[in-house]
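Structure first, commentary second.
A, B, ... follow the sequence lines: proteins, then strands. Residue 1 opens every chain. Since the structure is predicted, the reported quantities are computational estimates derived from the model, not experimental observations.
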Protein chains: 2
Amino acid sequence: MKPRFFSRHKETIFYSLIMGIALFALRFLEIRFFVFDYTMEFFVAGIALLFTALGIWLALKLVKPKTVIVEKMVPAKIDIEINQAELDRLGISKRELEVLQLMAKGHSNNEIASELFVSLNTVKTHAANIFEKLEVARRTQAVEKAKKLGLLA
Amino acid sequence: MKPRFFSRHKETIFYSLIMGIALFALRFLEIRFFVFDYTMEFFVAGIALLFTALGIWLALKLVKPKTVIVEKMVPAKIDIEINQAELDRLGISKRELEVLQLMAKGHSNNEIASELFVSLNTVKTHAANIFEKLEVARRTQAVEKAKKLGLLA
DNA sequence: AATCGGCTCATACTTTCGGGTGATTTTACC
DNA sequence: GGTAAAATCACCCGAAAGTATGAGCCGATT
């Protein structure tokens with residue numbers, strides 16, 4: 001009727017069966033071999049140890065591990081992707097953005113040219129276009145404004 | 001002799017004592033009230049249940065909690081005033097810091113010279129010293145590094 | 001008195017940047 | 001297939017930035 005019942009409680013049922021069998025076995029053994037007057041203490045101690053172990057095992061198997069949640073502070077990073085709107089508004093092209101990003105890293109025009117596999121002159125052209133679109137006169141200002149506008153990562 | 005031993009194993013010792021007392025109590029009870037021929041199964045079952053419970057309890061007590069680290073976002077604006085230590089470490093003087101700050105605003109050497117009422121050459125000297133102390137080659141890199149180190153507001 | 005660090009300035013030189021102009025080639029789109 | 005935007009490159013020139021070196025001044029330290 002409820003097919004999930006067994007699968008959900010199968011471990012419990014299994015352990016119950018084991019316990020029952022163990023009890024039966026114990027009774028069988030006790031009848032045949034034990035003399036209770038002398039060994040009662042050992043017998044009880046053995047059972048106690050056995051079932052303590054069983055309990056521990058059971059608990060470890062069934063109990064969900066406790067979780068301690070540690071909150072770790074990390075700087076918020078909200079910016080990324082706010083740039084596209086501004087980029088479109090200012091009409092800054094992909095290539096220009098690349099140049100701008102390398103400029104922001106402090107690379108010289110020559111370095112940028114090497115990194116982008118273009119000539120120095122091309123980089124200069126891009127840079128000039130960037131300056132015009134950002135309405136600045138120097139690369140340092142361009143970088144500053146770009147960061148303020150969220151154009152850079 | 002080993003003072004740590006007790007504190008380290010006190011739970012184990014405690015549970016052992018409990019178990020011993022329980023055994024003694026059981027024996028006392030069995031002598032006085034139980035008739036084993038009829039109630040052996042119940043007796044054993046009782047012990048089994050008791051110590052299973054004890055085992056479970058033990059396990060729950062002793063299991064190490066699992067720690068989960070959750071990253072929590074926090075507004076990233078903690079820096080201001082962290083700078084002095086780095087400034088001292090790098091040996092950047094007051095004047096050099098002034099130049100650095102104006103540089104970070106995108107001002108040219110000439111502008112900086114005017115604003116600080118010194119000559120262009122002086123600004124260049126400061127700039128060169130700054131670059132050396134920050135181990136960079138260009139003003140843009142200097143500004144970047146300075147911001148990363150929290151030297152600027 | 002001597003030393004040292006910070007600040008100032010200078011000269012001379014090299015490199016990089018930025019402005020202006022023009023041109024060719026890709027790329028994308030109608 | 002024509003057009004427009006983007007990307008590429010070139011040349012010139014002046015300005016700015018950076019390098020190297022030396023030097024004078026001043027306050028604090030020893």
Are any non-hydrogen side-chain atoms of Thr140(B) and Lys105(A) less than 4.5 angstrom apart? no

If you assign each of Ser93(B) and Arg138(A) to its closest nucleotide in DNA chain C, which residue comes earlier from the 5' end? Ser93(B)

Does OP1 or OP2 of [N] have a side-chain N or O of [X] closer than 4.0 Å?
{"X": "Arg95(A)", "N": "dT8(D)", "value": "yes"}
{"X": "Asn121(A)", "N": "dA10(D)", "value": "yes"}
{"X": "Thr122(B)", "N": "dC9(C)", "value": "yes"}
{"X": "Asn110(A)", "N": "dT16(C)", "value": "yes"}

With the side chain of [X] defined as its heavy atoms from C-beta on, choose the nearest nucleotide among [options].
{"X": "Phe131(B)", "options": "dC9(D), dT19(D), dT11(C)", "answer": "dT19(D)"}
{"X": "Arg139(B)", "options": "dT16(C), dG18(D), dC12(D)", "answer": "dG18(D)"}
{"X": "Lys124(A)", "options": "dA7(D), dC12(D), dT8(C)", "answer": "dC12(D)"}
{"X": "Ser108(B)", "options": "dT8(C), dA7(D), dA16(D)", "answer": "dA16(D)"}
{"X": "His126(A)", "options": "dG19(C), dT8(D), dC7(C)", "answer": "dT8(D)"}

Go through Leu102(A) and Glu111(A) one step at a time and tell me if the side-chain contact (heavy atoms from CB on, under 4.5 Å) criterion holds. CA-CA 9 Å; Leu102(A) 292 175; Glu111(A) 290 169 345; over 6 Å; no

5' precedence on DNA chain D between Lys133(A) and Phe117(A) (nearest-nucleotide basis): Lys133(A)

Hey, does the side chain of Thr122(A) reach the backbone of Val118(A) with a donor-acceptor pair shorter than 3.5 angstrom?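 No; zero donor-acceptor contacts below 3.5 Å.
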
Could you check whether the side chain of Thr125(B) and the base of dC9(C) have a donor-acceptor pair of N or O atoms closer than 3.5 Å, going by distance alone? yes

Which heavy atom of Leu151(B) sits nearest a heavy atom of Leu97(B), and at what distance? O-CD1, 3.8 Å

